[in-house]
Novice: 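Shown below is the structure under consideration.
Counting starts at 1 for both ligands and their atoms, following the listed order. Atoms considered below: every heavy atom in the structure, side chains included; atoms not considered: hydrogens, waters and symmetry mates. All figures in this text were calculated on a predicted structure; none of them were measured in a lab.
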Amino acid sequence: MITASMTNAQLAPNDNKQEEKICSLISQMTLREKVSLLHANAKFYVPGIKRLGIPEWAFSDGPNGVRAEINRDNWAYAGHTDDSATCFPPGTTLAATWDPKLAYERGMALGEEARFRKKDILLGPGINIIRSPLCGRDFEYMSEDPLLISKISVAYIKGLQSKDVAASVKHWLANNQEEHRDSIDVYMSERALREIYLPGFKASITQGGAYTVMAAYNKFRGNWCSENEYLDRQILRKELGFKGVLMTDWSAAHSTVKAALAGLDLEMGTDKKDYDQWYFADPLMDAVTAGKVPMAVVDEKVANVLRIMMKTKMFDENHREKGKMNTPEHQQAAYNDAAEAAVLLQNKGNLLPLNFNKLRSIAIIGDNATRKHCGGGLSSEIKALYEITPLEAIQKKFGATVKINFAQGYEKQSTFKEGSNAGQANADKVDWKLIDEAVKVAKESDVVIIFGGLNHDFDTESFDKINMDLPYGQDVLIREVAKANPNTVVVIIAGSPVKLAGIVQRVPAILWSWYGGMEAGNAVVDVLSGKIDPSGKLPFTLPVSLDQSPAHALGNFPGRDLKVNYEEDILVGYRWFDTKKIMPQFPFGYGLSYTNFVFGTLSTDKTVYGKEEVIQAKFTVKNTGSRYGAEVAQLYVCDPGASVLRPAKELKAFQKVFLQPGETKIVTLNVKVADLAFYDESKKDWNVEAGDFILQLGNSSGNISQTLKIAVK
Ligand code: BGC
């Protein structure tokens, strides 16, 4: 019994043996045994079949670390004392590094920790497109740009799976808001699907080789993602050739027969105590018996499950990664992510880096100077082994020589409540008593650093932000403090866009340092002090105000009557801003450095290309300053003569280049001509139209320093 999915030519020769073993195991199973592999019997476990030597399957959240152990039958933490883990920064932070190497290293570290904790699947990475600044899960996701997502995600998955742990790319597909997430019905054009929302998943599967995919809660064009024939059967299986496991998000199954036929393999998290009553339990057996689901369909699912178990060496424990936990290397990797992600937004008069050796006193102000974030955000929360706050790091590194004057400045007023943004209700409260105290310490200090931004009452799974404002009167606090001491640096700790219009004119320096994981404080202080050069770049556009942002400008977020139509189409993020010539606060890809870089002349290997060819774009990058640093060279393309609307810019390649002072490196960026295509709805296929294309080289979507015309024939 070799089914179509198993005879696919993509199987490596070695896989034939594996497929034979799968067939042999399946042939020995009763229907009940088969079905037992297709649904969980605990929050994060799928039972094994002892008599056939099939082990239990262990899952864990999430993208930033191995989550603390949860009870088998409810969501409470199990109270273990040995499940504190390395906590990496979340998705937007990782993407802000623009450094796939770090994503690979993180993947390996996560894989080692997952194996140490005896987990087989780690539920990440989360790679949905950042469509609106308000989506609660923006911080977990990576970017508004499909190429940046793809590069980071592929590296992450390869690193993780190299340690015999399966990734679960989530959430398939279009989980771009948390509002009504389990009932919203998403509509988008086929072109937007192909050009914007699908590429990250496609790359994760076809290049990253992701072993599992998690179906989102929402509907897509009228059908739940977990039972969506078009997404799950047509695209995922047939077009992308996915041979792994498609599982539901937790409690995202809605049917037996429809889901089974559409291609779902595994039901997780359903909210029914009796596991036998789950859709893929007794009801699936009944459906097979009644002839509504062919046995071959069940066999295909079981084969997918066994295949991933084998790929992660679950049948070969002797040769499987043993894992390790909380090593200095893992902590260093977490630090590197945070340090390389910091984005210097503004630095008037070169106030940064601060020379702590010359400072006598410094005012540290703001709730985020002392707040720990690793334990927030819901499914991505981590019981971190430790978490260094910015204040702790400053005290440890400079406390002996610099007088540190701390003031609270503003206070968290909200209380997190799952599934409700009621917790954001008091976010506009201004506390003048705290502001007066902050102004006093600002006056007494040489320099001020305000640690502001958001926390996981805002950036979280299960609801969206109400607005883009800095909460708890931070605008007023920053204004008053900056009046008292012009040497004021603002550090924004947040994982999604916030409005900076009220502060950019008031302070000379702004550093966006994201949620930084367990090493957050050490990393941000090393950037502030100049030990590390800021080299992060914004992975999303920072609008001046929400109404600039495409989904909001067109009034289609979060939808109406449980439907949302992505009218902005392919014009997501900078594609919208640049095409419509709207000036954001800070553009996609933007970030300053303490040193300076110059790009040499951009050239290509040819001027006219055939459709099967690869464009080699070549240039130099020189560090003309006096410090070590890194620049991200970004190559955008536009197709001015296209027969359809095309964005003014689309990112087609990038590279982070590390340079000593005075050093020059030659960079070659390769772009396949095929990747210049748009999705042509009339042909239902990709289409590269002959004609001129403009290559645009810069260090952000808003700063193109050179353009070069090439032609496609
Ligand atoms: C989230 C998933 C997560 C799962 C298990 C769901 O609520 O959407 O991302 O992996 O829970 O905790």
Novice: Partners of E340 by salt bridge (charged side-chain N to carboxylate O under 4.0 Å, His left out), sequence neighbours excluded?
Specialist: K656

Novice: Does any pair with a residue in residues 246-259 pass salt bridge (Lys or Arg N to Asp or Glu O under 4.0 Å), and if so which ones, sequence neighbours excluded?
Specialist: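 Listed once each, the pairs are E227-K258.
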
Novice: Do any nitrogen or oxygen atoms of ligand 1 lie under 3.5 Å from a protein nitrogen or oxygen, and which ones?
Specialist:
unit_1: ligand 1; atom_1: 7 (O); unit_2: Y217; atom_2: OH; d: 2.9
unit_1: ligand 1; atom_1: 7 (O); unit_2: E461; atom_2: OE2; d: 2.6
unit_1: ligand 1; atom_1: 8 (O); unit_2: R137; atom_2: NH1; d: 2.7
unit_1: ligand 1; atom_1: 8 (O); unit_2: D249; atom_2: OD1; d: 3.4
unit_1: ligand 1; atom_1: 8 (O); unit_2: D249; atom_2: OD2; d: 2.6
unit_1: ligand 1; atom_1: 8 (O); unit_2: E461; atom_2: OE2; d: 3.4
unit_1: ligand 1; atom_1: 9 (O); unit_2: R137; atom_2: NH2; d: 2.9
unit_1: ligand 1; atom_1: 9 (O); unit_2: K170; atom_2: NZ; d: 3.0
unit_1: ligand 1; atom_1: 9 (O); unit_2: H171; atom_2: NE2; d: 2.7
unit_1: ligand 1; atom_1: 10 (O); unit_2: D61; atom_2: OD1; d: 2.6
unit_1: ligand 1; atom_1: 10 (O); unit_2: K170; atom_2: NZ; d: 3.1
unit_1: ligand 1; atom_1: 12 (O); unit_2: D61; atom_2: OD2; d: 2.4

Novice: For the residue pair K372 and Y386, would you count it as a cation-pi contact if the rule is NZ or CZ under 6.0 angstrom from the ring centre and within 45 degrees of the ring axis?
Specialist: no

Novice: Kindly confirm or rule out a cation-pi arrangement of R131 over F557, judged by NZ or CZ under 6.0 Å from the six-membered ring centre and within 45° of its axis?
Specialist: no

Novice: Salt bridge or not between E144 and R575? Use side-chain N to carboxylate O under 4.0 Å.
Specialist: no

Novice: Quick one: salt bridge (charged side-chain N to carboxylate O under 4.0 Å, His left out) partners of R137, sequence neighbours excluded?
Specialist: E140, E461

